[in-house]
2 protein chains.
Amino acid sequence: MTDDRRSAGTPTLEDVARAAGVSRATVSRVVNGVRNVDPAIQEVVRQAVSVTGYAPNRAARSLVTRRADAVALVVSGAGTEAEAGQEDSVPQRFGGAPGGPGSSFTAQVFADPFFGRVVTGVVDYLRPRGMHPVLMFAETARARDEVVAYLRQGSADGALIVSTHAEDPLPGLLTEAGLAAVLYARPARPVRISYVDLAHQDGARLAAEHLLAVGRRRIATISGPLDVPAGQARLAGFRDTMERHGHPYVPIAEGRFTQESGEAAMGRLLAEHPDLDGVFAANDLMAMGACHVLREHGRRVPEDVAVVGFDDSSAALACRPPLTTVRQPVEAMAAEMTRLLLDRLARPGSPATSVIFEPELVVRASA
Amino acid sequence: MTDDRRSAGTPTLEDVARAAGVSRATVSRVVNGVRNVDPAIQEVVRQAVSVTGYAPNRAARSLVTRRADAVALVVSGAGTEAEAGQEDSVPQRFGGAPGGPGSSFTAQVFADPFFGRVVTGVVDYLRPRGMHPVLMFAETARARDEVVAYLRQGSADGALIVSTHAEDPLPGLLTEAGLAAVLYARPARPVRISYVDLAHQDGARLAAEHLLAVGRRRIATISGPLDVPAGQARLAGFRDTMERHGHPYVPIAEGRFTQESGEAAMGRLLAEHPDLDGVFAANDLMAMGACHVLREHGRRVPEDVAVVGFDDSSAALACRPPLTTVRQPVEAMAAEMTRLLLDRLARPGSPATSVIFEPELVVRASA
DNA sequence: GTGAAAGCGCTAACAC
DNA sequence: GTGTTAGCGCTTTCAC
């Protein structure tokens, strides 16, 4: 009671120790749940903690433990600065704020329900473990350097990387720098790094087999961007299956995984193949766009044209009719990716692992 | 060259200082861009930095500056644990991962394009300033305590709060604890805290006036949830305007800002008022649902029934026909919210401010 | 089982 | 303009 004016600002271990009549070390042990502390003293310390309103200073702790207890969730873009030019594909709806060319990329990213699902999976895994992701974007060389710097500074212990393009240099940069990272999707060039991925080809096979099973014979596909591994794989899987079933030639229109590009692609297919009766779109957004265009052209879905999407995102349910689609368990995959990263942080030596998820056909009304 | 074995692990200021032949203080000055350093020495130091591959340790810096140089972006839910029961409104599509009742909330949040836009605005403002948001959710008392603890630990310097419900206790908790925060949307109970918001009533007025201007006379509305301020305000603004124009009675069906709830609401309205010719939905997702149901009931949009949405989210463009809607400049508002927070961090004493944005009518095909 | 003491890497007075 | 020094708050040997 005499000299408590030094307990000014936020309370420190020292303050708690004084209040409890023990040493800092003991308080630290109790706070960190180390055994070897007399239960009675534990209780006293806990009292003191709540009385003083103590909260451990994260920076101080990090400094000594050399752990930030934080992970970065980074959405990575294409390989070069060139993509700055491709932004016109996204309506630039953002008025005043600074940020320049960057603004479009982040807007573009969240326009796809996919990323929200990734965030959901990551957060749901991290949260019970008392961690929270730092959200970063890395679509330019500069932004990638910032990500590397961020990790090198020890601001985060590792990175979860979601690449939107093949040839993404980020995984390479990270491993080179000896930083922990796990990818969503297999890297284009083999890097010694853990990742989760979907068996895209199997998914496309399910779609093809379903369209054939419901009696469609004039089937076309709207592929994803062919510079994206997922786009390639889904197309390859679809074609292979069609070929194996006696359809060596499949009309293809390339899309960019956006609804708008799906609409355009559908328009092209319809112009060249007005009699088609089945369409596989490499994601739900494009399938939704295809449905719109089909209806505008007087085709009923599924009566005249059956449509199958991919992902089973919110778009699949939002679409009328609801989409038959191939389910990608994004949340579970994102959770697994997070688990792999935390594992690696716990055991730095452990080898890179990859986990491949199997897709599943979800039959709704569109096919 | 003789004794460089102490430059083991990651290089520290000390290592750079030794390499440059100066003191740690000088290196620190150069790294932090403080003037008062001889240009020649600056150069030498910069060389040494790149030679050693030095990256400042964030924890050490934070410890002394007492700044984390990080902000939390928190999506806040309702007031009590009760909301765990409301999760049935969201399809539970998440299989394995742990996280229990929480998983649904984060999925629910990102199902609405609104949050992606908030993230975009925040990130685009933060990025050029070398900062990145830590993503947190606070839909339960426990989660809210974690947010408070996180800030009290100094893991972040302040919080950007997006509330999905009125009566959110989080703003109060934060200000009580003397933590910096800015809200997206006015707090239900007046708290001395900065916020950005939209003039919702004005937006609803624009919608009403437009429906009347295009000659509609039997107009109904699908409101947002009435326990959400934005829901209330949009309804109030709509009713007031209708009343002022001689329509004291407006059929109302309450929705929950989801497409599904918009469909249900439209169904109810149609059952009771089969002759309606105009609908104002309090957000685009519900407007889209309404369009679907109208079409299923043989009504053409806009010929038979004009539909106006709210937000001008991606759903407005995804809808067929594209929605006439009231634009909420979410990205700009989120950027402003971020600016307010950084301002406050820079000048701790500064008073709470609020910035209200004006909505704008965007006329497309649906009305 | 508990305490004393040595830093973790950095910034910021303060001397020079 | 540059160097010296004293911590920031915490964990963690190491004695006891």
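Side-chain atoms are counted along with the backbone in the values below, which use heavy atoms only and exclude waters and symmetry mates. Chain letters run A, B, ... following the sequence lines, proteins first and then strands; every chain starts at 1.
A:Asp15 has its CG atom 14 Å from the C1' atom of D:dC8, to the nearest Å. Separating the CZ atom of B:Arg152 from the P atom of D:dG9 is a distance of 14 Å, rounded to the nearest angstrom. In this entry the distance linking CZ of B:Arg67 with P of C:dA12 reads 12 Å, nearest Å. For the pair B:Asn36 CG and D:dT2 P, the computed distance is 9 Å after rounding to whole Å. Separating the CD atom of B:Glu14 from the C1' atom of C:dC8 is a distance of 13 Å, rounded to the nearest angstrom.
The residues B:Asp15 and B:Arg18 are annotated as salt-bridged, a charged nitrogen and a carboxylate oxygen being separated by less than 4.0 angstrom.
Using cut-offs of 30° and 60° for the angle between ring planes, the A:Phe110 and B:Phe110 rings count as parallel.
With a 3.5 Å limit on both pairing distances and Watson-Crick or G-U wobble geometry required, the stems of 3 or more pairs in DNA chain C span C:1-16 with D:1-16.
B:Phe137 approaches B:Ala143 most closely through the heavy-atom pair O-CB, 3.6 Å. Here the shortest heavy-atom pairing between B:Val37 and B:Val34 reads CG2-O, 3.9 Å. The two atoms that bring A:Arg58 and B:Tyr150 nearest to each other are NH2-CE1, 3.0 Å, heavy atoms only.
With contacts defined as side-chain heavy-atom distances shorter than 4.5 Å, the pair A:Pro133/A:Leu126 qualifies. Contact check for A:Ser23 versus A:Thr26: side-chain heavy atoms found under the 4.5 Å cut-off.
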Nucleotides 11-16 of chain D: protein proximity per nucleotide (B base, S sugar-phosphate only, - neither; heavy atom, under 4.0 Å)
BBB---

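Under the 3.5 Å distance criterion, the side-chain polar atoms of A:Asp157 are left unmatched by any main-chain donor or acceptor of A:Val71.
Across C:dC8, C:dC10, C:dG3, the shortest atom-to-atom separation from the side chain of B:Thr12 is found for C:dC10. Closest approach to the B:Asn57 side chain among C:dC8, C:dC10, D:dG3 is made by C:dC10 (side chain taken as heavy atoms from C-beta onward).
For the residue pair A:Ser76 / A:Asp168, a side-chain donor-acceptor distance below 3.5 Å is found, with atom types taken as modelled. Looking at A:Asp124 and A:Thr120, their side chains never bring a donor and an acceptor atom within 3.5 Å of each other.
With rounding to the nearest 0.5 Å, the separation of CD1 in B:Ile193 from CG in B:Leu170 is 8.0 Å.
In this structure, B:Asp38 and A:Leu63 both approach DNA chain D, and ranking their closest nucleotides by distance from the 5' end singles out B:Asp38.
Taking side-chain N and O atoms only, B:Ser23 has a distance below 4.0 Å to OP1 or OP2 of D:dG3.
Within residues 44-51 of chain B, no residue places a heavy atom under 4.0 Å from DNA chain D.
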